[in-house]
Amino acid sequence: MTVLYPKKGVSELQRTTPEFVQEKYGLSPDQYADYAALRGDPSDNLPGVPGVGEKTAAKWLQEYGNLESLLANMEGIKGKVGESLRAHVDAVRLNRRLTQLVRDVDLDVDVHDLARREPNSSAVSELFDLLQFKTMKARVPGLVNVDTQGEQGHLSLDVTLSAETLSTWIANHAAEVFALCLELDDRQAPVAVAMAVDSSVWAKPFSEMDAGEIESFWKFYSDPKARKSAHDGKAFMRELAAEHGVMEGLESDIAAAAYVLSPGSGAQSLEQLVGLELGTTLSAGESQQQSLFGDVVDVVRLSQSAVAVNRLRSVLTEKMKSLHLMDLCTDIEVPVVSILAKMESVGIAVDKSALQTLEEYFSNIAADVEMQAQAAAGRPFNLGSPKQIGELLFTERGLPTAKRTKTGFSTDVETLTFLAATTDDPIPVLLLRHRDVTKLRQTVVGLLASIAADGRIHTRFQQFVAATGRLSSTDPNLQNIPVRTAEGQRIRETFIVGDEYETLLTADYSQIELRIMAHLSGDEALQQAFKSGEDIHTTVACGVFGVTPDAVDADMRRRVKAMAYGLAYGLSAFGLSQQLNIDPRDAQVLMDTYFARFGKVRDFLAETVTKARELGYTQTMAGRRRYLPDLNSDSRQRREMAERMALNAPIQGTAADIVKLAMIAVAKDLEPMHSRLLLQVHDELVVEVAPGELDAVTAIVRAGMEHAVELSVPMDVNIGIGRTWHEAAH
DNA sequence: AACGTCACG
DNA sequence: ACGTACGTGACGTTA
């Protein structure tokens, strides 16, 4: 057997030349073109789209002769290889279409730098710009924006570090906005700081700062008159709050600016924004300095980050101004950053031993139910596996199938409840119970794992991920703690008031989204229903069914309530009928009757979609946008999805605006007090009340929430007090 | 990594 | 004929 190429002597580059490959695998020049396509030929391939392996490509070509014949016989290739091959061929087809597209617009793009065996960054960048691949462009590292390309595609640190002492430097730039970047170590202790103003940069590891400089820095940090900007300031503020308080004087946050400009993009890192907006990259610094603790501090990179924050602030500010988004960023998002930093830093106290007891309780039930289910099945099976449940119920036991999922028959609550009700098989009930109880156990286990050394749970509020303007909560998610069942409420009981504090207080808006609809639509009938102060769903039911309030029974009220919720989601008669378990025709009648009574609501919803289609985006009361290009999609499914989003976004988003404004008002009024905000759950605030402050805090929270904005309907707020979150919710 | 499922508003 | 209510995050299973 011939050694095709020695390990030494033939370069990597030579090994992939057409001639070499043709000889190695005995391929004709025509076959080589197809081979290249399969492999991911540079001219036929985009970075990020893989090709098949060298040997695989050659093998299938040897077998089928050419790509066309391979494609024609693809069905015959089974198993993993087939799937993988199909995926790659799809990619190849896509690439060929893209290549053709590029030729059509007469853009000479060579996306692969053959000589350097890497993507041709500027060409790919140009291509992505052309195709408006903004997200993908941000994802691919190192792409250079041709419009603003620097000499080497790196952010040049053309301002040398200031040698002045910190206090002198700060004093010399007192009126300017300081871009601040702080690096923390694994234990969240500050390691280095870099600050940039227009003309100058100051940066140092803390280990090299003398006592005076360190003192100057923290004084500056807490000085509200020292104007600052940062990227995701909350990231360091939450960690430093316990020791240094929340940073004062934050005037601009790049992450917030990027979010209001494009809320659909999720949280964008500084690196992504540098690539996207400045068309360059942060360099991995060459001069790395060793701190006292042995941590490697990249002061150059940190300094570049500060310079980048500074530049991004001007770029994004211009964009925000032209789109009238400046107020949203400055008056809502930036103040919320500091409030959340403090809330995260404070955390909420939990009763650890009560959680441990609950864990054991739920575990025992789960184990017991599992045994019963396996006994009933006559064999062991994994109760957590939808696949195994499907086999057991539908194949082995012959139960009727209903809903399908992508991968098989659905075994969700709806299905299992149906099976429990219509068959005498004992297993569906056991599975439902097992699902319930394991879900609760997992929640409890997650909470236990999140308890910090101070006995409290410090969730992270994500301010820049939700497309509608809402917050979200992670690590752990405290916005989805069970509340609807008695067992779930036992978990809420483990969230308790902290030592030295008097009570927890919860305050939530009632029907905020429906009130927003009443306001935005200008529907007098719905507004009147809210102004009457009576139970809203009962009042609306009166109008819809044309009866007196005492004639409204529970079922009528339930239907109207479901209808009201559905409205804000872009409901269909079908969806409503599913929700209410009634005939779709009856649901349609219900909708028609509703809209006959509240016509402006329907007009408002229709106009919202029409306007969004014209503009390309929706807007909330505070001007928050949500871009929905799919409103003009050819695909009906995508278009209708976008229409429902367009309908929902202004409502959900306005509610988010209002709650953020309320948080700002409440936080401001709580400043002189010891009580503090702990949590936000979309339309609810949780406050920890210090001894003696209950009456004042109640008034502050009520006023802050009720008057966050003035609508044409009252903003009713329910307030509850209690030792635990559960108690306080009543 | 994708999917199914389920918790919250 | 088709799919069918918005927005999130977390977990276990499976490919």
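Letters A, B, ... mirror the listed sequences (proteins, then strands); counts begin at 1.
Residue A:Met563 is out of contact with every strand shown, counting any heavy-atom pair closer than 4.0 Å. Across all strands, A:Ala656 comes closer than 4.0 Å to no nucleic acid atom at all (heavy-atom distances). Note on A:Gln652: a base of the nucleic acid sits closer than 4.0 angstrom, heavy atoms only. A:Asn382 comes within contact range of the sugar-phosphate backbone alone, with a heavy-atom separation under 4.0 Å but no base atom that close. If you check every strand for non-hydrogen atoms under 4.0 Å, A:Thr438 touches nothing. A:Arg470 comes within 4.0 angstrom of a nucleotide base, judged by non-hydrogen atoms across all strands. Counting any heavy atom pair closer than 4.0 Å across all strands shown, A:Ile651 reaches no nucleic acid atom. As judged by a 4.0 angstrom heavy-atom cut-off over every strand, A:Gly566 is placed among the base-contacting residues. The residue A:Lys439 sits close to a base: some heavy atom pair falls under 4.0 Å. No contact: A:Ala568 has no heavy atom under 4.0 Å from any strand. Note on A:Arg626: only backbone sugar-phosphate atoms sit closer than 4.0 angstrom, heavy atoms only; bases stay farther off. Backbone-only contact: A:Ser410 has heavy atoms under 4.0 Å from sugar-phosphate atoms and none from a base.
Of the two residues near DNA chain C, A:Asn480 and A:Gln578, the one whose nearest nucleotide lies more 5' is A:Gln578.
Rounded to whole Å, the distance from CG on A:Leu440 to C1' on B:dT5 is 14 Å. Taking atom CD of A:Gln579 as the reference point, atom P of C:dC6 lies 12 Å away to the nearest angstrom. A:Glu640 places its CD atom 8 Å from the C1' atom of C:dT4, with the value rounded to the nearest Å. For A:Phe461 and B:dC8, the CZ to C1' distance is 13 Å, given to the nearest whole Å. The distance from atom CG of A:Asn648 to atom C1' of C:dC6 is 4 Å, rounded to the nearest whole Å. Atoms CG (A:Leu432) and C1' (B:dC6) sit 12 Å apart, rounded to a whole Å.
A side chain to side chain contact (heavy atoms under 4.5 Å, CB included) with A:Leu504 is found for exactly one of A:Thr724, A:Leu678, A:Ile721, namely A:Leu678. For the side chain to side chain contact (heavy atoms under 4.5 Å, CB included) criterion with A:Phe418, the lone passing option out of A:Thr422, A:Thr415, A:Leu416 is A:Thr422.
A centroid separation of 6.0 Å or more is found between the aromatic rings of A:Tyr565 and A:Tyr569.
If you check C:dA10, B:dT5, C:dG7 against the side chain of A:Arg435, the one that comes closest is B:dT5. Closest approach to the A:Pro482 side chain among C:dC2, B:dC8, C:dT14 is made by B:dC8 (side chain taken as heavy atoms from C-beta onward). In this structure, the nucleotide among C:dG3, C:dT8, B:dG9 sitting nearest to the side chain of A:Ser472 is C:dT8. Among the nucleotides C:dG3, C:dA5, B:dC8, the one closest to any side-chain atom of A:Arg636 is C:dG3.
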Given Watson-Crick or G-U pairs with both distances under 3.5 Å, what dot-bracket string fits DNA chain C, with | for other-strand pairs and [ ] for crossing? .....|||||||||.

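Using P as the reference atom, B:dG4 and C:dG3 are 14 Å apart when rounded to the nearest Å. Look at the C1' atom in both B:dC6 and C:dA1: the space between them is 31 Å, to the nearest Å.
Other residues, nucleotides and ligands contribute over 12 non-hydrogen atoms within 6.0 Å of the CG atom of A:Asp555. In this structure, A:Arg558 places its CZ atom where more than 12 heavy-atom neighbours from other residues, nucleotides or ligands lie under 6.0 Å away. Counting non-hydrogen atoms of other residues, nucleotides and ligands closer than 6.0 Å to CD of A:Glu360 gives a total of 12 or fewer.
There is a side-chain donor-acceptor pair under 3.5 Å between A:Gln463 and A:Glu333.
Remark: side-chain polar atoms of A:Ser572 are paired, donor with acceptor, to backbone N or O of A:Gly575 under 3.5 angstrom.
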